[in-house]
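Atoms within a ligand are numbered from 1 in the order they appear, just like the ligands themselves.
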Amino acid sequence: MRAYEIIHAKRDGRVLPADAIAALVDGFTHGEVPDYQMAAFCMAVFFRGMDDAEVRALTEAMLRSGDVLDLSDVPGAKVDKHSTGGVGDKVSLALAPLAAACGVKVPMISGRGLGHTGGTLDKLEAIPGFRVDLPVERFRAQVRDVGACLIGQTARLAPADRKLYALRDVTATVESIPLIAASIMSKKLAEGIDALVLDVKVGSGAFMKRPEDARALARTLAAIGRGMGKRVTALLTGMDQPLGRAVGNALEVAEVLELLRGGGPADLRAITVELTAEMLLAGGVAPELAAARAAVEQAIGDGRGLAKLEEIVAAQGGDPAAIRDPSRLPRAAGTYPVPSPAAGFVQAVDTEAVGLAAVALGAGRARVDDPVDPAVGILVERKLGDRVERGEPLCVVHHGPRSEPRERIAARLAGAYRIGPAAPPAAPLFLERLT
Ligand code: URA
């Protein structure tokens, strides 16, 4: 089938044969299928979906677009974590060094910002000099010698996802279980891992807004991983407000540094400890979850997590001094508060709107080749259930030369908050654990 016929068939809701999916992915990876046809295909999948066999075929085709690493010569359990995407989700930056400090090897292929969500690679690149484009050989050596390495998809590792991810980011074709599942699992299965911990986000800032959709995504991801012989644990976690306070690349790095120094927001710490503990359990370096949590807390308390992050930064060309001294991170041109239009309690946050405001500030992309501004972002001053008086700040904006004007950003952010007379019931951070 030609690309046109494949798009046509999916547009009309037909099930595609595996060889057609493989040919499309191969053509796209090698530049024979242009972006506009692939974008049309993604939109057709968005509306029509895929059955299990099609998702498997798409994942396999994307995985086989590059190499599949064999890390069997690297001693120790190789375990990774992946989040399905959220706002203020900077967990990987703390989790990878913590897990490595506790004895797990972490080969991590991450993504950039996607839609309204931030991406680990953009956050890492806020650290001056940090390189996410290491060749496979250096990736392997760093996993072995340092214990963790965080890179992006490359021309050799998950190249189909590299191109498709960037295309979906700017064509509103992200929120699709088949596309998310194939994107995540093609990267993760290329890494040579033994086990994978999935953080499947659910809520107003997630791609899956409803628990039943998040559960379906978790099951799809886990089935693909287990079908390829990996141990998979999935947690459904709440994304009804930004995680922590910081949204935006350098601001998020600074918050991670606070966390690794023993401080930081409670929700960020709780989720980081839990997901890292799941990695220790999956990697067999802790006998049960309570012991795993204690080991992670200890690696925060005695500074081994921070020291490991510094080692990773140095190994990947970044300025390790920025880890000890966050004032070396990029700083925004200026800041302004967004005042609350009313007195009351924060009852709901449209977290996707907060993420889109960060993109409009320049923290994410409007077009595939847009640069991001590492310094811009939002510091959340009021979280769900917090009391606020009229005129007090809901958040503080860090803006830059490419940011949307202040009135538009302030309107986006003020409009994202619902303020009412009573505090809402506490939003659960952990919804479900699927093993
Ligand atoms: N994370 C990914 O790697 N891909 C997606 O499509 C969504 C989240």
Could you tabulate the donor-acceptor pairs under 3.5 Å formed by side-chain atoms of residues 33-47, not counting sequence neighbours?
none

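Residue pairs meeting the salt bridge (Lys or Arg N to Asp or Glu O under 4.0 Å) criterion with at least one partner in residues 254-271, sequence neighbours excluded, are K90-E255, D267-K383, R269-E297. Applying the salt bridge (Lys or Arg N to Asp or Glu O under 4.0 Å) test to pairs two or more places apart or on separate chains, those with a residue in residues 173-194 are D80-K188, D161-K187, K188-E191.
Two residues are said to be in side-chain contact when any heavy atoms from C-beta on lie closer than 4.5 Å; M1 and P17 meet this criterion.
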Original post:
Given K81 and S92, is the side-chain hydrogen bond (donor to acceptor under 3.5 Å, both in side chains) satisfied, shown in steps?
Top reply: CA-CA 8 Å; K81 183 272 324 181; S92 292; 3.1 Å; yes
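Protein residues lining ligand 1, listed by chain and number: H82, S83, T84, L114, Y165, R168, I180, S183, I184, K187 [non-hydrogen atoms, distance under 4.0 Å].
Of all heavy-atom pairs between A332 and A375, the closest is N-CB, 3.5 Å.
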